[in-house]
Amino acid sequence: MKQQVNKLKTTSKQTQTRCLLHMSVFSQSFSPCGRFLAAGNNYGEIAVFSLSAALSPDATALSQKPVLRFPAHEGPVYSLLSTDCQLLSSGNGEISCWSWSELIKKVTSSLEIPEINSMSMNFRDNSLVFGGGDNNVHILDLEHGVFKSVLQGHTDYVHCVSVRDREAEILSGGEDGAVRMWDSRTGQSVHCIEVHKYESCARPQFGKWISCLTTDSDWMLCGGGPSLSLWHLRSLSPTSVFPLKGVQRQTTFYQDMILAVGEGPAVSHCLLGGEVKAQIPCTPQSLNTLQLNTSSTEHRVLTVGGSSDHIDVFTNLSYRTFSLSF
C-alpha cells in the first residue's frame, strides 16, 4: 500500500513538472491599486501575485509565488483586463468577471464566439470591446450586461482591439491583414488599412495577419506578419518601420520609446524614428505579453511573460530584476 502511495506521489510530481515545462503565459493585468498582478496561462489558470511582497527588501522565493491560483477557463486565458473593481478574463467562447476584492466570486457570460483574443475598455460609456474567432468586434454594455452592437467587416479572426477615447474610435486588427477603424457611436467602419500592401511593411514569409495593435492619440503601432510599424492616423500612413526579427505579439508606447515582445527571448526598446535602441534578455524563449504598471508609483514595474511558467519583472527597463513563477 505504501509503495502504491509513493508511486502516485511520484506520478503526480512528474505530471506537475511536465505542465510547468509546457506552460505559456498568454495574458496579464495589474489590479486597480497596482499592488497585484494577475496572469493567465495556456491551461486556463489565473495566478495572482503580490507585488508588495515580491518587491519587498525582505522578499523570499515564496514571495515570488502566487498568493492565489485558480482555474478560470477550460482552455487558455487569452486576455485579461482590469476595470476599477473587476478583473475580466476571456477564453474560448466565454468572458468571466471576477471581483478584485473577492476573486473567488465569478460571473460568467457564455458566448457563441470561439477564442476571444483581445479586450479593451471604452471608458466613455463603460463598455467592453472585444474581438475573436467569429471575425467580428463586439461591444458589451457592462452596466446593464447587454450587447450594444456588433462591428462586422473583418473576413477572418480578430486578434487585437484598441480604443481611441478622444476620437470615439475603435481599432481592430485581424488574420485577414486589415486594421479597421470604427466609429464607436455608429458602428460603421470608417477606414481600412491593409498593412501588408505597403512595401516598407510587407513580409510575405510571415503572412499578412495583424497580431498586435495599440494607439496613443494620433498614433498607432501595429505588426504581426508585416513588420512592426508606427502610423500617423490622420494621414493614414506609416512613418517608421522597425527592423525586428520574427512576429511581434504585443507592443506599447512608453515615454519617448516603444516596447515590443514576440518571437525571441528579449524585450525590444525602439525609438520613434525606427531605430532599435536595445534588446533586453528575458527568461522565456518566446514572448506573448508585456504590461506596464502605471497604477502605483511604489510598484511601477514592467512584467513580461511567454513560453515559460516564469513572468519576468523589471524595476528598471535595462535589466530583469527577478521572476515570478506559477
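In this text, all values refer to a predicted model and were calculated from it rather than measured experimentally.
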Least distance between heavy atoms, Val241 atom then Ser200 atom
CG1-O, 3.5 Å
Rounded to the nearest 0.5 Å, how far does OG of Ser227 lie from CG of Leu244?
8.0 Å
Tell me every residue that passes salt bridge (charged side-chain N to carboxylate O under 4.0 Å, His left out) with Glu45, counting only those two or more places apart in sequence or in another chain.
Arg69
Can you tell me if Gln64 uses its side chain to pair, donor with acceptor, with the backbone of Phe322 under 3.5 Å?
no
Under 3.5 Å, side chain of Gln250 to main-chain N/O of Leu290, donor-acceptor pair present?
yes
Please examine the side chains of Leu233 and Glu167, heavy atoms only from C-beta on, and report whether any two atoms are closer than 4.5 Å.
no
Answer yes or no: is there a side-chain heavy-atom contact under 4.5 Å between Trp100 and Val48?
yes
Member of Asn135, Asp134, Asn136, Asp176 meeting the side chain to side chain donor-acceptor pair (under 3.5 Å) criterion with His154:
Asp176
Any chance you could measure Asp183, atom CG, to Gln188, atom CD, to the nearest 0.5 Å?
8.0 Å
4.5 Å side-chain heavy-atom contact, Trp231 and Leu236:
no
Heavy-atom check, side chain of Trp209 versus side chain of Val247, under 4.5 Å:
yes
Please work out whether the ring planes of His138 and Phe130 are parallel, tilted or perpendicular, with thresholds of 30° and 60°.
parallel
Closest non-hydrogen atoms of Cys282 and Val267, given as atom of the first, atom of the second and distance, are SG-CG2, 3.5 Å
Val137, Ile116: one ILVMFWY side-chain cluster at the under-4.5 Å cut-off?
no
Which is it for Cys33 and Ser295 under the side-chain contact (heavy atoms from CB on, under 4.5 Å) test, yes or no, and what are the steps along the way?
CA-CA 6 Å; Cys33 64; Ser295 301; over 6 Å; no
Option passing side-chain contact (heavy atoms from CB on, under 4.5 Å) with Phe253 (candidates Leu259, Leu292, Leu221):
Leu221
Within 6.0 Å of CG in Asn316, more than 12 heavy atoms from elsewhere
yes
Using a 4.5 Å cut-off on heavy atoms from C-beta on, say whether the side chain of Leu88 contacts that of Leu128.
yes
Under a 3.5 Å distance rule, please check whether Ser184 uses its side chain to pair with a backbone N or O of Ile170 as donor and acceptor.
no
Rounded to the nearest 0.5 Å, how far apart are CG of Leu302 and OG1 of Thr321?
9.5 Å
How close do Phe30 and Ser82 get, heavy atom to heavy atom, and via which atoms?
O-OG, 2.8 Å
Where is the tightest heavy-atom contact between Ser79 and Asn117, given as atom of each residue plus distance?
CB-O, 3.6 Å
Please determine, by modelled atom types, if Ser52 and Arg35 share a side-chain donor-acceptor pair under 3.5 angstrom.
no
State, without any angle test, whether Asp312 and Ser323 hold a side-chain donor-acceptor pair at a distance under 3.5 Å.
yes
Taking Ser24's backbone N and O only, do any of them form a donor-acceptor pair with Asn42's side chain (distance below 3.5 Å, no angle check)?
yes
Indicate yes or no for a side-chain donor-acceptor contact from Arg164 to the backbone of Ser217 under 3.5 Å, with no hydrogens or angles considered.
yes
Side-chain donor or acceptor of Arg124 paired with backbone N/O of Asp165 under 3.5 Å
yes
Look at the rings of Phe26 and Tyr78 and say which category their plane angle falls in: under 30° parallel, 30 to 60° tilted, over 60° perpendicular.
parallel
I'd like to know whether CD of Gln205 has more than 12 heavy-atom contacts from other residues, nucleotides or ligands below 6.0 angstrom.
yes
Does Leu230 offer a backbone N or O that forms a donor-acceptor pair with the side chain of Ser240 under 3.5 Å?
no
Nearest non-hydrogen partners of Val77 and Ser27, listed with the distance:
O-OG, 3.0 Å
Is any side-chain heavy atom of Ile258 closer than 4.5 Å to one of Trp219?
no
Supply the atom-to-atom distance Met220 CE to Asp218 CG, rounded to the nearest 0.5 angstrom.
12.0 Å
For Leu171, does its backbone N or O pair with a side-chain atom of Ser162 as donor and acceptor, under 3.5 Å?
no
Supply the atom-to-atom distance Ser89 OG to Ile46 CD1, rounded to the nearest 0.5 angstrom.
4.0 Å
Can a donor-acceptor pair be found between the side chains of Ser101 and Ser99 at a distance below 3.5 Å?
yes
Please answer whether the main-chain N or O of Leu324 pairs with a side-chain N or O of Lys65 as donor and acceptor at a distance below 3.5 Å.
no
Drop me the distance from Ser237's OG to His232's NE2, to the nearest 0.5 angstrom.
7.5 Å
Shortest non-hydrogen contact from Ser325 to Phe49?
O-CE2, 3.5 Å
Please check if Tyr319 and Val276 belong to a single hydrophobic cluster, counting links between Ile, Leu, Val, Met, Phe, Trp and Tyr side chain heavy atoms closer than 4.5 Å.
no
Do Arg249 and Cys212 have side chains that get closer than 4.5 Å, going by heavy atoms?
no
Can you tell me if Glu263 and Ser286 form a side-chain donor-acceptor pair at under 3.5 Å?
no
Leu151 and Ser172: CA distance, side-chain angles, deciding distance, side-chain contact (heavy atoms from CB on, under 4.5 Å) verdict
CA-CA 10 Å; Leu151 312 183; Ser172 57; over 6 Å; no
No-hydrogen, no-angle side-chain donor-acceptor test under 3.5 Å, His299 and Asn293:
no
If we ignore hydrogens and angles and just use 3.5 Å, is the side chain of Ser211 paired with the main-chain N or O of Gln248 as donor and acceptor?
yes
If you group Ile, Leu, Val, Met, Phe, Trp and Tyr by side-chain heavy-atom gaps below 4.5 Å, do Leu81 and Ile113 land in one group?
yes
Counting C-beta onward and ignoring hydrogens, is there a side-chain heavy-atom pair between Leu317 and Ile280 closer than 4.5 Å?
no
